[in-house]
Amino acid sequence: MDIVIIGAGVIGLATAWRAAARGAAVTLVDPEPASGASSVAAGMLTPVSELTYGEEPLLRLGLASRERYGAFIAELEELTGHDTGYRGDGILEVAFDSDDLGYLDDLRRFQESLGIRVEALTGRECRKAEPMLAPGVRGGLLAPEDGSVDPRRLAPALLAAAGRLGVRLVRRRAAAVIVENDAAAGVRLDDGSEIRAAKVLLAAGPWSGDVEGLPPGVVPPVRPVKGQVIRLRTRVPFLRRATRGLVRGSSVYLVPRADGEIVIGATQEELGFDTRVTAGGVWELLRDARELLPGVTELEFTEVSAGLRPGSPDNAPVMGPTALPGFFLGTGHFRNGILLAPVSADVLTEVLLDGTVPEVGRPFAPGRFDAAGANGPKTRVGGAS
Ligand code: GLY
């Protein structure tokens with residue numbers, strides 16, 4: 001079976017690898033594979049810590065992906081010999097003042113009502129877990145099953161895995177989807193050449209709306225949501241595990257790597273396709289990080305970068321078959337692309353190869369944005385989770 005995947009970020013790459021492992025002939029189209037948000041993201045793996053009320057289906061998807069992460073990484077690292085910087089030793093979430101602590105308490109009760117394991121910690125227990133935390137930190141939560149991965153290592157490892165399994169990489173921009181006889185028939189590239197295929201998966205993140213040739217309404221309005229991230233370096237032990245903080249209602253997170261890098265994120269800005277880094281963005285991140293970890297200002301400043309998250313109308317992924325036969329979506333992962341890569345790859349591989357949507361993926365069908373369901377398929381929903 002011939003499949004063309006538009007977009008070689010973590011979702012497109014992971015799906016290409018998984019589909020090729022099942023014997024599909026896959027072509028990936030991307031002028032700059034393993035770049036974009038995949039090269040900016042901090043890589044926190046936290047369905048729990050970033051939980052928002054009313055997002056239970058997304059939480060279940062995140063938990064399903066987190067469960068798969070260890071085996072996904074083990075297989076990837078064994079196949080490629082790459083180290084992805086994966087760790088599953090928990091995420092600490094701390095509160096700066098009593099209002100922040102009140103919010104974390106509410107969040108813990110909500111998580112527990114959903115059967116999710118989190119541990120409430122006093123301020124002293126937080127500082128025992130992370131000795132560099134400020135003395136005023138009020139308390140926190142430990143999500144023991146959360147973790148992190150280094151997306152700058154993960155994406156190249158996925159690219160290598162896809163290559164090992166025979167995935168063809170075309171370093172060009174996909175200009176249009178070719179539609180013939182009311183079905184997708186391949187992709188036209190920006191140089192006018194064509195790649196013919198029975199199935200086309202659009203996984204181009206915030207650029208998913210730029211591909212031409214599609215009937216109206218098939219691609220929901222995926223929008224770019226800018227995130228600025230800074231990178232520091234330490235030569236002495238500074239932070240043991242990924243730590244999120246609420247500082248007067250503002251959220252910041254710090255993710256340490258084994259080589260001494262500390263990634264601090266992230267702003268959330270609705271500015272269209274703007275990837276400029278700003279003094280205000282850097283200030284905001286350092287201001288909040290310093291409230292939690294005063295020693296942060298002593299560290300070496302190595303980088304500031306900005307990426308674009310693909311936000312969908314309800315901020316959840318858009319995955320599965322569309323009203324156009326042969327055309328599929330794997331986009332809209334917003335703040336969760338790195339976390340959701342394993343489960344999204346499994347869902348999309350089943351969708352592409354078996355024609356069924358596994359249970360865990362059903363709430364994210366493209367047709368959900370259309371009251372009449374016109375954007376979704378009329379049949380072929382089924383199969384095991
Ligand atoms: N998931 C982290 C972020 O979007 O900032």
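All ligand and atom numbering here is 1-based and tracks the order in the structure. One-based numbering along the sequence shown. Just the heavy atoms: all of them, side chains too, but no hydrogens, waters or symmetry mates, feed the values below.
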Considering only heavy atoms, does Phe334 approach ligand 1 within less than 4.0 Å through its side chain, its backbone, both, or neither?
neither
Test your reading of the structure: does Arg335 have an N or O sitting under 3.5 Å from an N or O of ligand 1?
yes
Arg164 and Thr80: side-chain hydrogen bond (donor to acceptor under 3.5 Å, both in side chains), yes or no, with the steps?
CA-CA 8 Å; Arg164 283 279 180 99; Thr80 62; over 6 Å; no
Residue pairs meeting salt bridge (charged side-chain N to carboxylate O under 4.0 Å, His left out), one or both in residues 281-294, sequence neighbours left out, come to Arg248-Glu291
List ligand 1 atoms under 4.0 Å from Tyr253, heavy atoms only on the residue side.
2 (C), 3 (C), 5 (O)
Name all pairs fulfilling the salt bridge (charged side-chain N to carboxylate O under 4.0 Å, His left out) condition that reach into residues 6-26, sequence neighbours left out, sorted by first residue then second.
Arg18-Glu75, Arg18-Asp346, Arg22-Asp354
Below a 4.0 angstrom heavy-atom separation, can you tell me which part of Arg309, side chain or backbone, both or neither, approaches ligand 1?
side chain
Quick one: which of Arg68, Arg66, Glu67 gives a side chain to side chain contact (heavy atoms under 4.5 Å, CB included) with Pro342?
Arg68
Atoms of ligand 1, numbered as shown, that sit under 4.0 Å from any heavy atom of Ala266:
5 (O)
Value for OG1 (Thr46) from CZ (Arg335), rounded to nearest 0.5 Å, stands at 10.5 Å
